Colleague: 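So that we are looking at the same thing, I have put the structure below in structure tokens.
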Amino acid sequence: MQAKVVTVGLGYIGLPTSALIANSGIPVHGVDISQHVVDTINAGKIHIVEPELDKAVAQAVQDSFLKAGTTPVPADTYLIVVPTPFKGDHEPDISYVQSATEAVLPLLKEGDLYIIESTSPVGTTEKMMALIFAKRPELEGKIYLAYCPERVLPGNVMYELVHNDRVIGGVNDESTKKAIEFYKQFVKGELHATNARTAEMCKLTENSSRDVQIAFANELSLICDKAGINVWELIKLANKHPRVNILQPGCGVGGHCIAVDPYFIVSEFPLESRIIGKAREINNHKAFWVAEKIKEARKEFQLKNNKEPKIALMGMAFKPNIDDLRESPAKYVVQRVLQDANEEEYFIVEPNITEHKIFKLTNYEEAIEKSDIIAFLVAHKEFYGLELNENKVVLDFCGVNK
């Protein structure tokens, strides 16, 4: 069955998107540089953890609507869903987007639709358009180019890909309309038309807004610690106000979106993005502060008990109930605490993964039982309602013991 859609990138967004499109009856050819990923998907299995994704991929592969490979094939629509990491001093790196574009460039033909879904700095779609037309000038005015960012929540991706509204911005009106027609085939949420630059900025704005709101909560937690106030109770009471909705503090901010995207704005508009930049500083500092708090508790235990403590570090994912450790502040905390470890014993806990290439993992129940100091870093569901011995030192940085 000839592919109608090529998706370049089969990660946390690319694979669910590919499976969704394929299960809508549209033949999809997914591309990834990892042969392991390709082989796993072609076997009808998945290499990441996401509810319902395994069923969707298995069905799509069984019905022959989803295939994977390491190189693109001819199609009518090309989706670019690759990472956009940092380089240098938090400068956005669009080299993966460019490489993916160059990979599909020889296959493009008149009437094709090219869409970037990767989170990108403002102007990226236009840069890729210039690249395409510089190398394939005969396509100018004859293909459609657009930007459409995802806005899904890990752990609920398969539902939100279908039901969330999408912002779709083309390089011209014709491209916007063409892209909307494409997404209408499998998205039930409302499709909002705009231009490419606005769509790019919209994605960055959404995640920067979340980052600023979390920074406020994290800053409150620092203030409350000094003031001797329970920050969880404070926020609960403040949120009784009909127009106040303060988020919950934590170890910082992680993941491939909220901890990254604000830098795309700050990098390009450093003088104008003062609140956004300061929020990034606050959220990064919170992880450092948490690590120092654990070290202080360690020293206090040593002085008080004249022995080295056993310490449980509870959680490494960037948010509750997922296996994703990308940009995780909890993982940073674990690394920083272990950097100057002495004779004390540590239990590293992450219930959503079975092994880690650096850290030896411990079952959470065993860690709770054996430890003297328990530091809750991520609010995983397993950590709520645990019976904790009153002799243990409990450091709750995520509100599971509030």
Side-chain angles (χ1 to χ4, degrees), residues 3-23 26-42 45-50 53 56-57 60-61 65-87 92-108 112-121 124-125 127-128 131-132 145-152 154 157-158 160-161 166 168 179 182-183 186-187 199-200 203 207 255-257 260-261 264 323-327:
K4 295 287 187 182
V5 176
V6 163
T7 54
V8 185
L10 291 172
Y12 284 88
I13 302 300
L15 181 55
T17 300
S18 301
L20 171 62
I21 298 170
N23 283 321
I26 304 168
V28 176
H29 179 86
V31 179
D32 201 278
I33 59 173
S34 167
Q35 188 65 51
H36 168 71
V37 168
V38 167
D39 293 342
T40 300
I41 293 167
N42 284 333
K45 299 178 181 178
I46 60 175
H47 62 288
I48 54 179
V49 175
E50 179 62 42
L53 178 59
V57 169
V61 171
F65 278 97
L66 175 61
K67 293 181 180 178
T70 55
T71 55
V73 298
D76 301 322
T77 300
Y78 298 87
L79 291 184
I80 309 300
V81 202
V82 294
T84 42
F86 299 145
K87 63 179 179 181
D93 180 3
I94 63 170
S95 62
Y96 294 165
V97 173
Q98 182 170 331
S99 295
T101 302
E102 290 173 341
V104 304
L105 208 157
L107 304 173
L108 291 172
D112 282 355
L113 174 61
Y114 163 97
I115 301 173
I116 300 175
E117 286 203 359
S118 305
T119 303
S120 302
T124 299
T125 308
K127 286 182 180 177
M128 293 306 106
L131 171 68
I132 292 169
L145 304 100
Y147 182 81
C148 179
E150 53 77 22
R151 42 158 64 137
V152 294
V157 170
M158 296 310 295
E160 295 201 356
L161 278 176
R166 300 291 289 262
I168 300 174
F182 170 70
Y183 283 101
F186 52 90
V187 174
E200 290 163 343
K203 170 66 174 180
N207 286 326
H256 60 294
C257 288
V260 176
D261 298 356
F264 289 20
D323 72 329
D324 195 343
L325 275 56
R326 288 179 293 175
E327 305 295 329

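Keep in mind that what you see is a predicted model, and the values were worked out from it rather than measured.
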Colleague: For T77 and K4: C-alpha separation, side-chain torsions, deciding distance, then whether side chain to side chain contact (heavy atoms under 4.5 Å, CB included) applies.
Modeller: CA-CA 6 Å; T77 300; K4 295 287 187 182; over 6 Å; no
Colleague: Would you kindly say whether T125 and Y114 are connected by a side-chain donor-acceptor distance under 3.5 Å?
Modeller: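 No - no donor-acceptor pair under 3.5 Å links their side chains.
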Colleague: Using only atom types and a distance under 3.5 Å, with no angle test, would you say the side chain of H47 pairs donor to acceptor with the backbone of L10?
Modeller: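 It does hold such a pair.
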Colleague: Just wondering, more than 12 heavy atoms not from L131 lying within 6.0 Å of its CG?
Modeller: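 Counting other residues, nucleotides and ligands, CG of L131 exceeds 12 neighbours.
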Colleague: I want to check something: taking the side chain as every heavy atom from C-beta on, are V61 and N42 in contact at a cut-off of under 4.5 Å?
Modeller: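 No; the side chains remain at least 4.5 Å from each other.
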Colleague: Would you sort out whether T17 and L161 count as a side chain to side chain contact (heavy atoms under 4.5 Å, CB included), showing the intermediate values?
Modeller: CA-CA 7 Å; T17 300; L161 278 176; 3.9 Å; yes
Colleague: Is it the case that the side chain of T124 and the backbone of P121 share a donor-acceptor pair, with hydrogens and angles ignored and the cut-off at 3.5 Å?
Modeller: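 Here the side-chain-to-backbone pair exists.
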Colleague: On a heavy-atom basis, which atom in I48 and which in G11 lie closest, and how many Å separate them?
Modeller: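 Reported closest heavy-atom pair: CD1-O, 3.6 Å.
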Colleague: Any side-chain heavy atom of L15 within less than 4.5 Å of one from I46?
Modeller: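 Of all side-chain heavy-atom pairs linking I46 with L15, at least one is under 4.5 Å.
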Colleague: Quick one, V157 and L53 - any side-chain contact, counting heavy atoms below 4.5 Å?
Modeller: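 Not touching, per the 4.5 Å side-chain cut-off.
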Colleague: Taking the side chain as every heavy atom from C-beta outward, state whether F182 and C148 have any atom pair closer than 4.5 Å.
Modeller: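 Of all side-chain heavy-atom pairs linking C148 with F182, none is under 4.5 Å.
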Colleague: Taking atom OH of Y147 and atom CE of M128, what is their separation to the nearest 0.5 Å?
Modeller: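 Answer for the OH-CE pair, Y147 versus M128, is 12.5 Å.
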Colleague: Of the options E160, E150, E117, which is the one that meets R166 in a salt bridge (Lys or Arg N to Asp or Glu O under 4.0 Å)?
Modeller: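 Among the candidates, only E117 passes.
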Colleague: Return yes when atom CZ of F186 has more than 12 non-hydrogen atoms of other residues, nucleotides or ligands closer than 6.0 Å, and no otherwise.
Modeller: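 Check passes, neighbour count above 12.
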Colleague: Just wondering, do K203 and F264 contact through their side chains at under 4.5 Å, heavy atoms?
Modeller: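 In short, these two side chains do not touch, never coming nearer than 4.5 Å.
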Colleague: Could you give me the CA-CA distance, side-chain angles and deciding distance for Y12 and D324, then say whether side chain to side chain contact (heavy atoms under 4.5 Å, CB included) is met?
Modeller: CA-CA 9 Å; Y12 284 88; D324 195 343; 3.8 Å; yes
Colleague: Mind listing the closest non-hydrogen atom pair of V73 and A3 along with its distance?
Modeller: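 Scanning both residues, the minimum pair turns out to be CG2-CB, 4.0 Å.
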Colleague: Check for a donor-acceptor pair, side chain of N207 on one end and backbone N or O of D261 on the other, with a separation under 3.5 Å.
Modeller: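 Such a contact is absent between N207 side chain and D261 backbone.
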Colleague: Supply the atom-to-atom distance D39 CG to T70 OG1, rounded to the nearest 0.5 angstrom.
Modeller: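 Going from CG on D39 over to OG1 on T70, the span is 9.5 Å.
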Colleague: Quick one, L20 and P16 - any side-chain contact, counting heavy atoms below 4.5 Å?
Modeller: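 Not in contact.
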Colleague: Side chains of S18 and T7 only: does a donor on one sit below 3.5 Å from an acceptor on the other?
Modeller: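 Note: S18 and T7 side chains meet the donor-acceptor criterion.
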Colleague: Is it the case that the side chain of S120 and the backbone of S118 share a donor-acceptor pair, with hydrogens and angles ignored and the cut-off at 3.5 Å?
Modeller: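 Confirmed, S120 side chain pairs with S118 backbone.
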Colleague: As an exercise, state the distance from CD1 of I115 to CD1 of I168, rounded to the nearest 0.5 Å.
Modeller: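 The CD1 atom of I115 sits 7.0 Å away from the CD1 atom of I168.
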Colleague: Locate the shortest heavy-atom distance separating K87 from P92; write the atom from each residue and the value.
Modeller: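 Shortest heavy-atom separation between K87 and P92 comes out as CE-O, 3.7 Å.
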Colleague: What distance separates L66 CG from I26 CD1, expressed to the nearest 0.5 Å?
Modeller: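 CD1 of I26 is found 12.5 Å from CG of L66.
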Colleague: Report the distance from atom CG of L105 to atom CD of Q98, rounding to the nearest 0.5 Å.
Modeller: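 Atom-to-atom, L105:CG and Q98:CD are 10.0 Å apart.
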Colleague: Ignoring hydrogens, what is the shortest heavy-atom contact between A22 and V28? Give both atom names and the distance.
Modeller: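 Scanning both residues, the minimum pair turns out to be N-CG2, 3.7 Å.
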Colleague: Whether the side chain of D112 engages the backbone of L108 through a donor-acceptor N/O pair (distance < 3.5 Å, no angle test) should be reported.
Modeller: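 Not at all, since once roles are kept as given, no pair shorter than 3.5 Å links the two residues.
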Colleague: Please confirm whether the backbone N or O of D93 pairs with a side-chain atom of T84, one donor and one acceptor, at under 3.5 Å?
Modeller: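 No; judged by distance alone, with no hydrogens or angles, the pair does not exist.
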Colleague: Considering all heavy atoms of both residues, which atom of P149 and which atom of A199 are nearest to each other, and what is their separation?
Modeller: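 The answer is CG-O, 4.0 Å.
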Colleague: Find out whether Y78 and V5 are in side-chain contact, i.e. whether some heavy atom of one side chain is under 4.5 Å from a heavy atom of the other.
Modeller: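 Of all side-chain heavy-atom pairs linking V5 with Y78, none is under 4.5 Å.
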Colleague: Any sub-3.5 Å donor-acceptor pair from D32's side-chain atoms to V38's backbone N or O?
Modeller: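 Absent.
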Colleague: Going from OH on Y183 to CD1 on I21, what distance comes out if it is rounded to the nearest 0.5 angstrom?
Modeller: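 Rounded to the nearest 0.5 Å, the OH-CD1 separation comes to 7.0 Å.
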Colleague: For a quick test of reading the model, state the closest non-hydrogen atom pair linking A100 to V82 and the distance between them.
Modeller: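 Taking A100 first and V82 second, the nearest heavy atoms are CB-CG1, 4.2 Å.
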Colleague: So, do V8 and L79 sit near enough that their side-chain heavy atoms are less than 4.5 Å apart?
Modeller: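 Not in contact.
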